[in-house]
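Data block below; observations after.
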Amino acid sequence: MQITTEQAERVLKASILKARELGVSVCIAILDSGGHLKTFHRMDGAWLGVIDVAIKKAKTSALFEMETQVLDNYSKAGADAHGIELTNGHLVTFAGGIPLKDVDGQMIGSIGVSGGQVAQDYAVAQSGQSALKG
């Protein structure tokens, strides 16, 4: 199953509201479970460089079906998958990418957020994820 347009819009709206609450201008990428772009939003004032980062956070999360910062534990020097971030057209392994799952726990997509501090990006992505559940 894939994320629907309605679901993606709900995730996007909640994410934008959280970013505004935090006072940050971010880019928000929502992908389907295959890692293909479903919707994208660049807030006024968001840096151009974070467009790619948001998309890559979402793609990393979709490809590995986990939050991006979890993959970071495997990619550090000396870890089992050191260097994995150099694969798949380069991955992003810090917080801000989260899988999106349906009510049955099946992966339907992912969200990637970039533009604020890493903790802010994560909070914005979590808001989007929570809106999908609600």
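Quick caveat: nothing in here was measured; it's all calculated off a predicted structure.
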Side chain to side chain contact (heavy atoms under 4.5 Å, CB included) partners of Q69, counting only residues at least two apart: E67, A95, Y122
What is the distance from atom OG of S110 to atom CD1 of I55, rounded to the nearest 0.5 Å? 11.0 Å
Side-chain donor or acceptor of D102 paired with backbone N/O of D104 under 3.5 Å: yes
Between A14 and G128, which heavy-atom pair has the shortest distance, and what is it? CB-CA, 4.3 Å
With the 4.5 Å side-chain cut-off for hydrophobic clustering, are I28 and V11 part of the same group? yes
S15 OG to R20 CZ distance, which is reported to the nearest 0.5 Å: 11.5 Å
Residues that A81 engages under side chain to side chain contact (heavy atoms under 4.5 Å, CB included), provided they are two or more places apart: Y74, I84
D72 side chain near S75 side chain, heavy-atom distance below 4.5 Å: yes
Taking C-beta and beyond as the side chain, do T68 and T93 meet within less than 4.5 Å on heavy atoms? no
Enter the distance from E21:CD to Q120:CD here, rounded to the nearest 0.5 Å. 11.0 Å
Please report the interatomic distance CG(L12) to CG(L17), rounded to the nearest 0.5 Å. 9.5 Å
When rounded to the nearest 0.5 angstrom, what is the spacing between CE in M66 and CE in M107? 10.0 Å
Where A29 and A58 come nearest, the two heavy atoms and their spacing: O-CB, 3.8 Å
For a quick test of your reading: what N or O donor-acceptor pairs under 3.5 Å do the side chains of residues 38-53 make, sequence neighbours left out?
| residue | atom | partner | partner atom | Å |
| --- | --- | --- | --- | --- |
| R42 | NE | A46 | O | 3.1 |
| R42 | NH2 | A46 | O | 3.0 |
| D52 | OD2 | K56 | NZ | 3.1 |

Quick one: side chain to side chain donor-acceptor pair (under 3.5 Å) partners of K101, sequence neighbours excluded? none
Decide yes or no for L100 and Q129: does some side-chain heavy atom of the first lie under 4.5 Å from some side-chain heavy atom of the second? yes
Can you name the residues that form a side chain to side chain contact (heavy atoms under 4.5 Å, CB included) with D32, not counting sequence neighbours? Q2, I3, H36
Which value, rounded to the nearest 0.5 Å, describes the distance between I30 atom CD1 and I98 atom CD1? 11.5 Å
Checking side chain to side chain contact (heavy atoms under 4.5 Å, CB included) for the pair L132/I108: CA distance, chi angles, key distance, verdict? CA-CA 11 Å; L132 185 62; I108 59 171; 3.9 Å; yes
Taking V24 as the starting point, is it possible to reach I16 by hopping between hydrophobic residues whose side chains are less than 4.5 Å apart? yes
Residues that Q117 engages under side chain to side chain donor-acceptor pair (under 3.5 Å), provided they are two or more places apart: none
Co-membership, hydrophobic cluster, residues V118 and V92, 4.5 Å side-chain: yes
